[in-house]
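Presented below is the structure to which this report refers.
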Amino acid sequence: MKILQNKHEMADALTSWKQQGLRIGVVPTMGNLHAGHLSLLKAISGKADKIITTIYVNPLQFAQGEDFDIYPRTHEADFEKLRAAGGCDAVFIPDQMYESGHATAISPAGVALGYEARTRPHFFGGVATIVLKLFQQTGADIAVFGEKDYQQLQVIRQMVRDLDLPVEIIASPTIREADGLAMSSRNGYLAPAERQIAPFLYQAMQDAAAEIRQGKEVETCLKKASDNILAAGFTEIDYLGYCDADSLAKRETHTQNGMLLAAVYLGNVRLIDQLKV
Ligand code: AMP
């Protein structure tokens, strides 16, 4: 497994692969890898000739006061996990992505509005900009994203469509702990007592989904789930919404392509989750 530490090393590897006509698959991550990330690697293996995992904690998608400085950087352990998993030909781990004077950004609207963007308006512009740069630098022909960050997945699909990027996007399902909690690097911030409460988010979403499927009024189901989430010990609900899984437009009644999206706080820790209804 090659370790490529800047865009020049990446470009050298890419030149030789492209000369051989190889198809490049990319798994973008911020590192601190867990089984969710490794499932993306598995999902893309067999769909490309060379697979690159990227590790970069992107400052552009963190606002002042968010966890950029403390975000876990566990590079050696990440390399070990990738080696053990197999199927990763290279790790692209640039130390910087924005040269001095960088002044261009992607500004997504459409599916990038609402939900995450309500409290994190900077977020999807930062994500789209770094993902486009990573696609350019890695020569991605195909890339995989987790459904766990469902709105992000839709923002990337929209960008690829709108800007005619020659990259195939595939989605991979959310990997969960045994108790249902969606795996996330941010779960490591949870205190033991909070970790006990955390799985209840997914439980409440499953209960709401069952009621919506039975034809109950969506607003009533969401209100009940919100009350239950707060009663379980969560500090605040950022959003809990029911929408069309493609457009993310709000839906008031049960629909074929319905999806629940949630973000909640447990103390200072922000957890997100999603569930197809
Ligand atoms: P991150 O390192 O958190 O930016 O995530 C990198 C990629 O891994 C994104 O496409 C995420 O959606 C995906 N991912 C993170 N957690 C999970 C999970 N529990 N299951 C599946 N994919 C995940």
Side-chain angles (χ1 to χ4, degrees), residues 25-45 47 51-62 66-68 70-75 77-79 81-82 85 87-88 91-94 97 111-112 115-116 120 122-135 138 140 142-160 167-190 195 198-199 201-202 205 245 248 259 261-263 269-276:
V26 176
V27 185
T29 81
M30 297 204 298
N32 191 233
L33 301 182
H34 50 63
H37 297 114
L38 299 178
S39 76
L40 303 185
L41 187 59
K42 202 161 178 196
I44 203 171
S45 74
K47 294 189 163 62
I51 308 228
I52 304 167
T53 301
T54 70
I55 297 180
Y56 182 65
V57 184
N58 173 32
L60 218 57
Q61 68 192 65
F62 290 79
E66 289 189 346
D67 55 344
F68 177 74
I70 58 162
Y71 197 88
R73 288 150 171 97
T74 52
H75 300 161
D78 290 350
F79 300 159
K81 284 178 189 168
L82 290 170
C88 180
V91 182
F92 178 39
I93 180 162
M97 286 291 276
V111 294
Y115 305 104
E116 286 295 294
R120 308 184 75 205
H122 58 283
F123 180 65
F124 287 123
V127 168
T129 302
I130 194 66
V131 168
L132 179 55
K133 280 172 72 70
L134 287 169
F135 283 176
T138 58
I142 180 169
V144 59
F145 293 83
E147 288 180 350
K148 149 132 193 307
D149 302 277
Y150 191 79
Q151 191 180 7
Q152 167 174 285
L153 166 67
Q154 293 305 95
V155 169
I156 301 299
R157 283 176 164 152
Q158 174 181 266
M159 174 174 76
V160 163
V167 186
E168 183 188 345
I169 303 299
I170 57 171
S172 198
T174 302
I175 303 298
R176 299 179 180 281
E177 303 286 357
D179 58 14
L181 176 64
M183 288 191 183
S184 164
S185 302
R186 291 191 166 102
N187 292 350
Y189 300 152
L190 295 168
R195 177 62 189 82
L201 170 63
Y202 185 53
M205 291 173 79
L248 305 192
M259 176 118 212
L261 298 178
V269 186
R270 189 169 184 278
L271 300 177
I272 69 170
D273 209 339
Q274 55 52 240
L275 177 62
K276 288 210 169 108

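All values derive from a computational prediction rather than experimental measurement. One-based numbering, in listed order, for ligands and for the atoms of each.
Rounded to the nearest 0.5 Å, atoms CD (Glu147) and CD (Gln274) are 6.0 Å apart.
Residues Asp78 and Leu33 come closest through the heavy atom pair OD1-N, 2.9 Å. Smallest separation of non-hydrogen atoms from Ser172 and Val144: CB-CG2, 4.0 Å.
Salt-bridge formation is not detected for the pair Glu66/Arg270: no Lys NZ or Arg NE/NH1/NH2 atom is positioned less than 4.0 Å from an Asp or Glu carboxylate oxygen.
Around ligand 1 you find Pro28, Thr29, Met30, His34, Gly36, His37, Leu40, Tyr71, Phe145, Gly146, Lys148, Asp149, Gln152, Pro173, Thr174, Ile175, Met183, each with a heavy-atom distance below 4.0 Å.
Side-chain atoms of Asp179 and Tyr202 form no donor-acceptor pair, as typed in the model, at a separation below 3.5 Å.
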For a quick test of your reading: what N or O donor-acceptor pairs under 3.5 Å do the side chains of residues 37-45 make, sequence neighbours left out?
| residue | atom | partner | partner atom | Å |
| --- | --- | --- | --- | --- |
| His37 | ND1 | His34 | N | 3.0 |
| Ser39 | OG | Gly36 | O | 2.6 |
| Ser45 | OG | Lys42 | O | 3.0 |

